[in-house]
Amino acid sequence: MDGVAGLSLVERLRLLPDPRRRRGVRHPFVAVLLIAASAVVAGARSYAAIGQWSANAPQHTLARLGSRVEGAPGVRVAPSAATIRRVIGSDSIAVDGKATRGSRHGTSPAAHLLAAMTGDGQTVTQLRVPDKTNEITCFATLLEPYNLTGVTVTADALHTQRGHVHFLVEEKKAYYLLMVKANQPELHRQLKSLPWKDVTARRYDREMGHGRRETRVTRALTVTDLGLDFPTQSRPYASCAIAPTSRPVRSAARPPMRSPT
């Protein structure tokens, strides 16, 4: 902190690492941050509002903020809302809970934390789940303070709850990608009855670890009128199924051991 105490905002922002790959970068990293910060100070409260402020900013404002110059006349080009989101935000948030190792003392259970993370593994927020409850009751509390408009929220089967989905879609204007397992038999039956075998859009991911080879097959379907009480941002909606299969890894054949002579 002592090293940046006398620095201006611009100088401090220049110390931050640019998370983007060099190829295809068009807008200066610091300029995007300054434009976003200026929009928020001016009252913007969403990525769409930040993008609108950026698009309407006059040339002299964009010049002071260091926006990109294009063409011989030196026209300042403002970053789009999508560019700003990629730089300062995330298109997806994963919610997951874990027990904290080494936090159990005597008869007190281990601390259980529920966290929200970006696609690149950065923790956005986390909270401790009270001992006499579970992750389900903390889901909305965890995400409530954040603008999730247009963000896809993923979580495991524990959070495939109608209340969670209504919260995400109706209150936060977000999308969701949730797992369905046999612990919800009717929902699982309805989704399993879809014509997955006829799907041509497939993706295969193969991994090896923990003594087994695992193949994940992802198929995507666009379906309507299933009668599920799971609201969506638009109709029709896409439903994805991931069917992992695994098998033990066979070790390479070894020559028989010879007895010592």
Side-chain angles (χ1 to χ4, degrees), residues 1 16 19 40 45-47 85-192 205 207 209-212 214 216 218 226 228-233 237-244 246:
M1 295 298 293
L16 297 176
V40 171
R45 291 297 180 267
S46 68
Y47 287 112
R85 178 188 287 274
R86 284 193 297 269
V87 172
I88 67 173
S90 177
D91 291 330
S92 64
I93 293 291
V95 176
D96 193 20
K98 297 292 182 184
T100 306
R101 182 179 299 179
S103 61
R104 183 174 182 174
H105 297 285
T107 58
S108 300
H112 195 93
L113 301 179
L114 185 64
M117 296 157 287
T118 62
D120 57 0
Q122 296 183 0
T123 300
V124 177
T125 183
Q126 66 179 10
L127 56 78
R128 178 170 179 172
V129 178
D131 295 339
K132 295 184 179 181
T133 184
N134 56 36
E135 294 180 20
I136 296 175
T137 61
C138 300
F139 183 87
T141 303
L142 180 77
L143 300 177
E144 178 60 41
Y146 299 94
N147 173 29
L148 299 178
T149 303
V151 174
T152 299
V153 177
T154 68
D156 59 24
L158 178 66
H159 295 288
T160 307
Q161 307 287 334
R162 287 173 173 80
H164 290 2
V165 172
H166 281 278
F167 165 74
L168 291 174
V169 173
E170 297 169 1
E171 296 186 30
K172 308 305 291 184
K173 310 303 179 185
Y175 300 96
Y176 59 88
L177 179 61
L178 301 173
M179 296 180 61
V180 177
K181 293 184 178 180
N183 61 337
Q184 298 198 45
E186 181 60 23
L187 179 60
H188 186 267
R189 182 194 63 79
Q190 288 181 286
L191 294 179
K192 191 176 181 179
D205 293 296
E207 297 178 352
H210 303 288
R212 66 179 183 270
E214 188 172 76
R216 291 183 175 88
T218 306
L226 266 184
L228 304 178
D229 186 21
F230 278 78
T232 58
Q233 292 288 6
Y237 64 88
S239 174
C240 297
I242 300 177
S246 61

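All residue numbers refer to positions in the sequence shown, counting from 1. Please read these numbers as outputs of a predicted model, since none were measured by experiment.
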- Task: Could you check if a side-chain atom of T160 sits within less than 4.5 angstrom of a side-chain atom of L187, using non-hydrogen atoms only?
- Result: yes
- Query: Which distance, rounded to the nearest 0.5 Å, do you find between the OG1 of T149 and the OH of Y47?
  - Reply: 10.0 Å
- Side-chain heavy-atom pair I93, T154 within 4.5 angstrom cut-off: no
- Message: Tell me whether the rings of F167 and F139 are parallel (<30°), tilted (30 to 60°) or perpendicular (>60°).
- Response: perpendicular
- Do you know the tightest heavy-atom contact between L148 and V153? CD1-CG2, 4.2 Å
- Query: How far apart are the closest heavy atoms of T137 and T133, and which atoms are they?
  - Reply: OG1-OG1, 2.6 Å
- Item | Interatomic spacing from CD in Q184 to CE in M179 - rounded to 0.5 Å | 12.0 Å
- Message: Under a plain distance cut-off of 3.5 Å, with no hydrogens placed, do H112 and E135 share a side-chain donor-acceptor pair?
- Response: yes
- Task: Using a 4.5 Å cut-off on heavy atoms from C-beta on, say whether the side chain of V151 contacts that of R85.
- Result: yes
- Contact check, side chains of T152 and Y176, non-hydrogen atoms, under 4.5 Å: no
- Gap between atom CG of D205 and atom CD of E214 - 0.5 Å precision: 10.0 Å
- Task: Output the distance between atom OG1 (T123) and atom CE (M117), rounded to the nearest 0.5 Å.
- Result: 6.0 Å
- Query: Are the side chain of K181 and the backbone of H188 linked by a donor-acceptor contact shorter than 3.5 Å?
  - Reply: no
- Message: Any non-hydrogen side-chain atom of L127 less than 4.5 Å from a side-chain atom of C138?
- Response: yes
- Query: Do you know the tightest heavy-atom contact between Q126 and L142?
  - Reply: CA-CD1, 3.8 Å
- Task: Check whether any side-chain heavy atom of L143 lies under 4.5 Å from a side-chain heavy atom of L168, and answer yes or no.
- Result: yes
- Item | CG on L114 to OG1 on T141, rounded to 0.5 Å | 9.5 Å
- Message: What's the separation between atom CG in D156 and atom CG in L178, rounded to the nearest 0.5 Å?
- Response: 9.0 Å
- Non-hydrogen side-chain atoms of E171 and E144 separated by less than 4.5 Å: yes
- Under 3.5 Å, is there a donor-acceptor pair linking the side chains of E170 and H166? yes
